[in-house]
Protein chains: 2
Amino acid sequence: MNETPAGRPTLETVARAAGASRATVSRVVNGSTTVRPDVAESIRRAIAELGYVPNPAARSLVTQRTDSIALILPESATRVFSDDAFFPGVIRGVGEALEKADKQLVLLLASTKSSHDRILRYVHGRTVDGVVLASMHGADTLPEELRAAGVPVVTSGRPLGEATVPYIDVEHASGVEAAMRHLVGLGRRRIATIAGPQDMVAGRERLAGYLNGLEALGAAPLVEEGDFMRQSGMDAMERLLARDPDIDGVFAASDLMADGALRTLRRLGRRVPDDVAVIGFDDVDAARFTDPPLTTVHQPIHEIGTRLAEQILRLVEGEEVEASVVLPTRLVIRESA
Amino acid sequence: MNETPAGRPTLETVARAAGASRATVSRVVNGSTTVRPDVAESIRRAIAELGYVPNPAARSLVTQRTDSIALILPESATRVFSDDAFFPGVIRGVGEALEKADKQLVLLLASTKSSHDRILRYVHGRTVDGVVLASMHGADTLPEELRAAGVPVVTSGRPLGEATVPYIDVEHASGVEAAMRHLVGLGRRRIATIAGPQDMVAGRERLAGYLNGLEALGAAPLVEEGDFMRQSGMDAMERLLARDPDIDGVFAASDLMADGALRTLRRLGRRVPDDVAVIGFDDVDAARFTDPPLTTVHQPIHEIGTRLAEQILRLVEGEEVEASVVLPTRLVIRESA
DNA sequence: TCGACTCGTGAGAGCGCTCTCTCGAACGAT
DNA sequence: ATCGTTCGAGAGAGCGCTCTCACGAGTCGA
């Protein structure tokens, strides 16, 4: 209320300074080509001198666009936020791509239950032109509600149940199958898995990949479930070993859980990979630094982010986009298997 | 352009439906008490029935507020983004606090040089009410430029050079001094440090803490510099050992570097803590899972975020805030020292 | 030379909201 | 019964921008 030294210049100010009309200045600001070069030049000079910057609120009011995109991270995402490199990587990818398009990134960390309504309010109020929704548990109703509200939406990860909005995902199952083939090729016969949460598609599909891979072996599955975090991997590995001490191979559905498994194995005197071979999933930076370095299924985290951004931008422009984009994964062989 | 089934309801729509004037509806929406209860009630009903949500652009245009705060992460921050838990933690803290205040979080990942201008444009356009600036290298001019633009700013970490804007920081030096006392109390006499980048205040002050702690011992300092990341810790530890094989204690200026040091020590056959005691700084989640679990200086990452948010909100409201808030650190003793 | 077209520019409406000002009604005091 | 006061509610201006429409000045073919 007191910090307006001389009042910010408006279109009107610039117009007067350049001896033109508001409309013409607006044309120059928005890059219209139908302005006489010399007039455009003098307007540009006036803009520079006055330090004029368009007021986005006024612009939004008439264009009905805000040039900003929301990235929504549900509670399940924020919980692992500080320990997992997945979401920071996605955020970075989305952020970079949006910056290139000169759009703003509005981050909505849905930490609590009440956030749901808040998100819908934002979206209904057209605070953002589009929404990127990251990884949700179970049958989240949010994507559908957003779609119903008429807002462009893209989700990261195929939703459980029917996909009603476009999504970006990776080849979970085939990546895991490659990992399984690698273990089998190593001569492993008693292969267990530490699965992810089964109310998340990533958890389910990685388990499916394990089961598919096991079929070739004709061996019985050996599954313990974790929550993608390290501690759960440690615990699951212990349960696994209690159920079958002869396990010689483990696929863990996340690098963090694989690292947990590595620790438990070491503690219980198993050598990796000699006694037990371990493969993870994600290929986060830290995977290169586990002991031993982790063989893992690489997924292109950064690219997931950039592709999410690309798709939402196209949707916002009214273009059609593929119902789904599924990015490849690949096995990165290090020393744990 | 085609997704407006019936046109979003405006104040006018609600006013007509409720048989009141636009002004009165506005009063109800904004919680004014000077509306007759029954009138207010019928307006509220109309709002609910029509699904009315205020248009923030229109509101901003007249109030000159946007109710959104920018969080700027400079390039140096995004680089470590995916491996370090610090910035995700800060983001989460800021996000939570802003959500409570019903403000939006606009994330500006300053990935390139050109971002500088973009940021200034945003800020000059009053796209945001205030700016939270995270950890910058060297004598960044951004805080000062923002302040000059008349925008409320708070920074995370005391800037190098003179602080021209309020900041939130932690007690780097005294935390490190506690760590040094602990090492000395353990009988360690040949204590080295893996310092952080010396163009960052955090790097400098932690080194200062080491040097202060060493003074009591009367021993010569032994310093190698890293970049806070794991690999640099591995390398620095190797150089340190080459310079003096009798090192029996190490303070690393980040947990990541401490973890790197642990790996190098193990590889070179040193037992931790028996031969060499190691202490880190940060207390990220992963510190509980190093081998052995890392003794480290805890800093309240999440609280840094919430305090940043609090301060910027107060500044935006025109209140005065302390020139600096310095949060305490404390030594967390685990098994590495 | 005149009508038909461009083409660049300005006038003016209007986006949806807030906020000041005004006004009428109700009420208490004299 | 009259006047001042209070209080709730409406009228209307205006925030800064975009965009349609109209208009005057050239340009060109007949």
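Heavy-atom basis, side chains included; hydrogens, waters and symmetry copies ignored. Quick caveat: nothing in here was measured; it's all calculated off a predicted structure. By convention in this document, chain letters (A, B, ...) are assigned in the order of the sequence lines, proteins followed by strands, and residues within each chain are numbered from 1.
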Strictly distance-based, threshold 3.5 Å: is any side-chain N or O of [X] a donor or acceptor partner for the main-chain N or O of [Y]?
{"X": "A:D129", "Y": "A:T66", "value": "yes"}
{"X": "B:D169", "Y": "B:R158", "value": "yes"}
{"X": "B:T127", "Y": "B:V123", "value": "no"}

Rounded to the nearest Å, what distance is computed from the [atom1] atom of residue [X] to the [atom2] atom of nucleotide [N]?
{"X": "A:D38", "N": "C:dG8", "atom1": "CG", "atom2": "C1'", "answer": "11 Å"}
{"X": "B:E12", "N": "D:dA13", "atom1": "CD", "atom2": "C1'", "answer": "15 Å"}
{"X": "A:I43", "N": "D:dC17", "atom1": "CD1", "atom2": "P", "answer": "14 Å"}
{"X": "B:Q64", "N": "D:dC17", "atom1": "CD", "atom2": "P", "answer": "10 Å"}
{"X": "B:N55", "N": "D:dC17", "atom1": "CG", "atom2": "P", "answer": "16 Å"}
{"X": "A:L61", "N": "D:dT18", "atom1": "CG", "atom2": "P", "answer": "11 Å"}

Open item on the list: Taking any heavy-atom pair under 4.0 Å as a contact, classify B:P54: base, sugar-phosphate, or nothing.
Closed with: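 Sugar-phosphate only.
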TODO: Determine the contact category for A:V39: base if any of its heavy atoms lies under 4.0 Å from a base atom, sugar-phosphate if only primed atoms, P, OP1 or OP2 are that close, otherwise nothing.
DONE: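 Sugar-phosphate, backbone atoms only, no base.
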Open item on the list: With hydrogens left out and only the distance checked, is there a donor-acceptor pair under 3.5 Å joining B:R126's side chain and the base of D:dG16?
Closed with: no
Task: Base D:dG10 to side chain B:R27, donor-acceptor N/O within 3.5 Å cut-off - done: yes
Can you figure out which of [options] approaches the side chain of [X] most closely?
{"X": "A:A23", "options": "C:dC17, D:dG16, D:dC19", "value": "D:dC19"}
{"X": "A:R36", "options": "C:dA11, C:dG8, C:dT18", "value": "C:dG8"}
{"X": "A:R59", "options": "D:dT18, C:dC19, C:dT9", "value": "D:dT18"}
{"X": "B:L11", "options": "C:dC15, C:dA11, C:dC17", "value": "C:dC17"}
{"X": "B:R22", "options": "C:dT9, D:dA13, C:dG16", "value": "D:dA13"}
{"X": "A:V35", "options": "D:dG10, C:dG16, C:dT9", "value": "C:dT9"}
{"X": "A:T24", "options": "C:dT9, C:dG16, C:dT18", "value": "C:dT9"}
{"X": "B:N30", "options": "C:dT9, D:dC17, C:dT18", "value": "C:dT18"}
{"X": "B:V62", "options": "D:dG14, D:dC17, D:dA9", "value": "D:dG14"}

Open item on the list: side chain to side chain contact (heavy atoms under 4.5 Å, CB included) for A:V170 and A:V326? Distances and angles first, verdict last.
Closed with: CA-CA 5 Å; A:V170 300; A:V326 180; 5.5 Å; no
Task: Electrostatic pair A:E41-A:R44, nearest N-O below 4.0 angstrom - done: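 Looking at A:E41 and A:R44, the cut-off is met.
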Between [X] and [N], is there a side-chain N or O to OP1/OP2 distance below 4.0 Å?
{"X": "A:T63", "N": "D:dT18", "value": "no"}
{"X": "A:T10", "N": "D:dG16", "value": "no"}
{"X": "B:S21", "N": "D:dA11", "value": "no"}

TODO: Would you sort out whether B:L73 and B:I91 count as a side chain to side chain contact (heavy atoms under 4.5 Å, CB included), showing the intermediate values?
DONE: CA-CA 10 Å; B:L73 297 182; B:I91 292 178; 3.9 Å; yes
